[in-house]
Amino acid sequence: MRLENIFGGIVMGKLVKNITSILEDFSKWYTDVVIKAELIDYSTVRGCNILRPYGYAIWENIVSILDKEFKNLGVENVSMPIFIPESLLQKEKEHIKGFAPEVAWVTLGGNEELSEKLCVRPTSEVLFCSHFQKIVNSWRDLPKLYNQWCSVVRWEKTSRPFLRSVEFHWQEGHTIHENSQEAKNFTLKILNLYKDFFENILCIPVILGQKTESEKFAGAEITYTVECIMKDGKALQSATSHYFGNNFSKAFDIKFSNKNNKEELVHQTSWGLSTRVIASIIMTHGDDDGLVLPPDIAPIQVIIIPINLKNKLVIEKSHEIFNIIKNKLKLRCIIDESEQTPGWKFANYEMKGVPIRIEIGPRDIENNQCVLVRRDNHEKIICKFENLSENIEKLILDIKNNMYKTAQKNQENKTKIFESEKDFENFKGFIKMPFCEDSECEDNIKQKYAFTTRCIPFDEKIENNYICPICGKKAKNYVYFAKAY
Ligand SMILES: [Zn+2]
């Protein structure tokens, strides 16, 4: 065996060299990570990607945590058909207007032309509505709190893994309520659930707020959004929660008899989070060595790498440690006993963003210790075997805290209060500006600078005399602007 293979430095260099560095080309770095960490492969259909086992495992962890949270709120899962008849999709006018350009149609069944063409669901509002219309009669039937985990299709012209693809996985929640207050409260409850999920589980700080008229969901009265800032200063809309009022229930005639036996329309919400969230994770935490995964959703939380596979004591100790981590700490852990060099393995699991690496060699056994390496800051910690459980549990918390703080610092550095229109030319990040909320003014900024409104933040009231610095009209609110994915 050659020296460079034993120590791995050169082999590691080779593997890592294949990722473009963040500073050199962020967009290429992103694609490199997605492919090299084996999250996605491209399929033969343009814009439709294959989620590979490692990528799918991340999604499964996200699903299992969120699904529990939704159920805690009383939400029930259902499964709706994949097809929507054309006539049904056209029932709510704003909705069809919003989605028509990116709908895929089925016109043949076998060899026969269909009497009515079917669209492949781009989202399922209308399916839920026509179902609600059938099953709701009285106030006793309300609320209905439904969700489905599924994939949807939007015929996008350009595509990028996790960010924009023709088919993608998501959850879509649809609820109906007796009155507007209850529906509005539920819309916000979900928004806050998303916020907690981003901050506590994904270690991603967020900005919450309401979308402007022109950015809101097709058919919604109010759209709330979870906005994140990526390492390159672009914003990523990472989840949304919509209040529909009666817009859909009017179109679909979803009525119930209230406690006074009078007929009323239901009040409705919908909310969703997709595999886009994985893009958010990659571009918030990743570095030049690859992915950095938040421990709670990492498919492998601890990787054990025995240094010297021929040493019986090393292998025995590795298995002993594995048992403690898996059975006592209940963490997702594996031992890599493959024939690759340690250096190759180090680089591989760094690429995959595994939060903690444990290295054990013959000398470590003599000293009754192993080496713990953190993925988030590459820090090495010598750990006595008797302190292993305690140290790992503490390390997981430290890693989460540090990842959140680092991301928060990035958010702070990439957020500024508007000073002059030049900011739109020079600044990469969120620009907070007193804004008129006039759609013409909004469009003007979009055309000129490619900055779009991200949200009207909560609890940031502006002075009465503030004006919009772009058009000079009276400003209504502070609004966050950014270039967005
Ligand atoms: Zn203006």
Side-chain angles (χ1 to χ4, degrees), residues 1-17 36-38 54 57 285 287-296 298-403 406:
M1 193 187 276
R2 282 169 36 210
L3 193 65
E4 65 213 43
N5 285 350
I6 296 173
F7 293 108
I10 290 172
V11 178
M12 181 161 64
K14 260 186 207 161
L15 189 76
V16 175
K17 217 165 77 185
K36 295 264 170 188
E38 300 182 336
Y54 197 66
H285 300 303
D287 64 20
D288 281 346
D289 295 326
L291 273 180
V292 180
L293 290 179
D296 291 333
I300 305 165
Q301 294 166 305
V302 181
I303 175 71
I304 302 171
I305 300 180
I307 317 288
N308 194 341
L309 296 168
K310 292 191 183 79
N311 186 313
K312 210 171 144 239
L313 287 175
V314 168
I315 297 301
E316 269 175 20
K317 198 68 193 177
S318 298
H319 281 267
E320 195 187 302
I321 289 177
F322 169 79
N323 280 327
I324 292 172
I325 295 172
K326 183 167 179 272
N327 299 321
K328 191 178 149 208
L329 301 182
K330 309 280 182 212
L331 293 173
R332 296 180 286 272
C333 177
I334 60 170
I335 310 176
D336 189 342
E337 292 178 82
S338 71
E339 288 298 324
Q340 300 285 4
T341 63
W344 186 93
K345 292 176 189 174
F346 296 166
N348 180 48
Y349 294 103
E350 287 195 344
M351 176 81 78
K352 293 197 158 177
V354 176
I356 299 174
R357 172 171 89 228
I358 302 182
E359 305 168 6
I360 310 170
R363 205 174 294 163
D364 295 316
I365 303 274
E366 279 168 30
N367 294 323
N368 198 35
Q369 69 185 34
C370 58
V371 180
L372 309 180
V373 187
R374 290 170 65 152
R375 175 63 184 90
D376 61 325
N377 62 8
H378 297 98
E379 191 192 338
K380 284 191 174 199
I381 301 143
I382 307 288
C383 171
K384 292 285 173 199
F385 288 132
E386 64 261 31
N387 301 329
L388 187 76
S389 297
E390 203 183 309
N391 277 348
I392 286 187
E393 278 180 327
K394 185 176 167 297
L395 209 50
I396 294 271
L397 292 178
D398 285 353
I399 289 170
K400 285 178 67 174
N401 281 334
N402 183 52
M403 286 177 75
T406 308

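The first residue of the sequence shown is numbered 1, and numbering continues consecutively from there.
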Drop me the distance from [X]'s [atom1] to [Y]'s [atom2], to the nearest 0.5 angstrom.
| X | Y | atom1 | atom2 | answer |
| --- | --- | --- | --- | --- |
| H285 | M403 | NE2 | CE | 4.0 Å |
| N387 | K394 | CG | NZ | 11.5 Å |
| E337 | F322 | CD | CZ | 10.0 Å |
| I381 | L395 | CD1 | CG | 4.5 Å |
| D376 | D287 | CG | CG | 9.5 Å |
| N402 | L397 | CG | CG | 12.5 Å |

All N/O donor-acceptor pairs, side-chain side in residues 355-369, below 3.5 Å, sequence neighbours left out:
| residue | atom | partner | partner atom | Å |
| --- | --- | --- | --- | --- |
| R357 | NE | E359 | OE2 | 2.9 |
| R357 | NH1 | E350 | OE2 | 3.2 |
| R357 | NH2 | E359 | OE2 | 2.9 |
| D364 | OD2 | G361 | N | 2.9 |
| N367 | ND2 | R363 | O | 3.3 |
| N368 | ND2 | E386 | OE1 | 3.2 |

Locate the shortest heavy-atom distance separating [X] from [Y]; write the atom from each residue and the value.
| X | Y | value |
| --- | --- | --- |
| F385 | C370 | CE2-CB, 3.8 Å |
| S389 | I324 | OG-CG2, 3.4 Å |
| L309 | S338 | CD1-O, 3.3 Å |

Whether over 12 other heavy atoms sit under 6.0 Å from K384 NZ:
yes

Is the shortest heavy-atom distance from the side chain of [X] to the side chain of [Y] under 4.5 Å?
| X | Y | answer |
| --- | --- | --- |
| R374 | D398 | yes |
| L372 | V302 | no |
| Y349 | D336 | yes |

So, [X] side chain and [Y] main chain: donor-acceptor pair closer than 3.5 Å or not?
| X | Y | answer |
| --- | --- | --- |
| K400 | D296 | no |
| R375 | K352 | no |
| K328 | I325 | no |

Salt bridge present between D289 and K36 (N-O < 4.0 angstrom)
no

Ionic contact status for K312 with E316, cut-off 4.0 Å
yes

Residue list, salt bridge (charged side-chain N to carboxylate O under 4.0 Å, His left out) with K326, at least two apart or on another chain
none

